[in-house]
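All remarks here apply to the structure that follows.
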Protein chains: 2
Amino acid sequence: MTTTPTTPHDPAAPRSRRALRPDDGRLVRGRKARSRIREAALALFRERGFDGATLRAIGARAGMGASSIYRHVESKEELLIDELAARQEEAWMRFRKGDDRRLPVRERLGRFLELEHALLAQDADFTTIALRASTQPEARVAKRVLALQDRTIGLVAEILQGGKLRGELARGLDLLAASRAIVHVLAGARIPWANGLVSAEGCRASIAAALDVLFSGLAAR
Amino acid sequence: MTTTPTTPHDPAAPRSRRALRPDDGRLVRGRKARSRIREAALALFRERGFDGATLRAIGARAGMGASSIYRHVESKEELLIDELAARQEEAWMRFRKGDDRRLPVRERLGRFLELEHALLAQDADFTTIALRASTQPEARVAKRVLALQDRTIGLVAEILQGGKLRGELARGLDLLAASRAIVHVLAGARIPWANGLVSAEGCRASIAAALDVLFSGLAAR
DNA sequence: GCGTGCGCGGGGACAAGATCGCATAGAACC
DNA sequence: GGTTCTATGCGATCTTGTCCCCGCGCACGC
């Protein structure tokens, strides 16, 4: 997915001339440090929100100075994206586990969105930050967020595909465009909620209404 | 629109016990300063982009120190929101001027989106920043962006309404939900473009495809 | 055993947005 | 004319993400 893997200091793929053995003490220490950082960051995000969680505080909780965090991470946003990616993964796994391809598309889609929503609703910050990250000039982070979104779109497309095969969907339907539209509408509906302008219930209702519109279409029949 | 007008230092509505006459020298000076700031900010945004335009630089060009800017503005984002609002206003005016209510909805909508897009496409920064602003914890800015978006949604709803009256749209259509969906899809489609992951043409195509989907609907007929 | 290379951690510095307390100046009121 | 009130302006300072450079310590080849 990433078009430029030539990052000089990418900790995941060090460009050392002589490859280190994966059980090298230094690498092991590094991995432990990374997981400490992730834990600390997540806890502090929960406690104080993304902006409230200072890198210095995260560093302190992880047992290191703030600047050392940059040995393992390229930016603060990346910490949150890591977490977001992990949660997405989990939500998708959970979806697949309970998924039944014989159900009507509408229902499968509903279940998927339900899980996706539950995932993000855990912290309102996630919606906010994922979006903000996608608007950061630092390309690396934005691209990761968009890649995640692309995967979501892909999953939705897969679900729709099932429905299309069984004739539940319009024949000429552009699956990709449709999936994109669904995902975008979801994101758009969540923004006012993340800003506290709409209740969780209002957000859900808005999404449901949008799905109705999407399924039946605007044009007169 | 704003639910909390009790800001202690809101320059637009000072809560002085004794109201100042609008031609009070201080107020006049303040107005001039504000417009100088706006000019300087806009010019620098154009020259160096939002992040490249330092508050200190803006202040210098406006003939004052950076900190003084905060006498007139609550945050850097607000400067850009001002500009965005002005452009929205202009785009809407231009739309209304050339609008013909007898045209098919689809066409009217297309023209509207065209103008809206031309407006934002002037600087890719606008899409990015408007979106980023809507994710800022500072409620004031986020709310202004969302209010702008709400107005856009309202305008789209108005356009759709015309089509509905003439039977071009589905009878049971939820106009508000539909308008929201359209605007959200637009925003969603613009994000990858603003990040340079999709060409302007790709973005436009994606929007067109989404509109197709929206109009004809997902479900089989 | 011993240099050597490399990953890691830290202190300090920097940039830029934001805040604070003080100074100024002009208007209003006596 | 003097006092007071208040919008404006400024310099210093704070905060926080990020960068730079140094020292440490461990693994590896000799």
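Throughout, a chain's letter reflects where its sequence line sits, starting with A, and its residues are numbered from 1.
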Whole angstrom value for the distance that separates [atom2] of [N] from [atom1] of [X]:
X	N	atom1	atom2	result
A:Glu74	D:dG17	CD	P	17 Å
B:Glu77	C:dG17	CD	P	10 Å
B:Lys32	D:dG9	NZ	C1'	16 Å
A:Ile69	C:dG7	CD1	C1'	17 Å
B:Glu78	C:dG17	CD	C1'	14 Å
B:Leu80	C:dG17	CG	P	13 Å
A:Ile58	D:dT16	CD1	P	12 Å

I'd like to know if [X] and [Y] make a salt bridge, using a cut-off of under 4.0 Å between side-chain N and carboxylate O.
X	Y	result
A:Asp150	A:Arg180	no
A:Arg111	A:Glu107	no
A:Arg190	A:Glu116	no

Original post:
Where do A:Asp174 and B:Val213 come nearest, in terms of heavy atoms and distance?
Top reply: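 Minimum heavy-atom separation between A:Asp174 and B:Val213: O-CG2, 4.1 Å.
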Original post:
Does B:His72 put a side-chain nitrogen or oxygen below 4.0 Å from OP1 or OP2 of D:dG9?
Top reply: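 Looking at the OP1 and OP2 atoms of D:dG9, one of them is under 4.0 Å from a side-chain N or O of B:His72.
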Subject >> Ring-face cation contact, A:Phe50 with A:Lys76, 6.0 Å cut, 45° max >> reply: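 Yes, A:Lys76 sits over the ring of A:Phe50.
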Subject >> Contact state string [nucleotides 10-16 of chain C, B base, S sugar-phosphate only, - no protein heavy atom under 4.0 Å] >> reply: BBBB--B
**OP:** Take A:Glu78 and A:Arg38, measure what salt bridge (charged side-chain N to carboxylate O under 4.0 Å, His left out) needs, and give me the verdict at the end.
**Re:** CA-CA 10 Å; A:Glu78 195 173 315; A:Arg38 263 201 53 181; over 6 Å; no
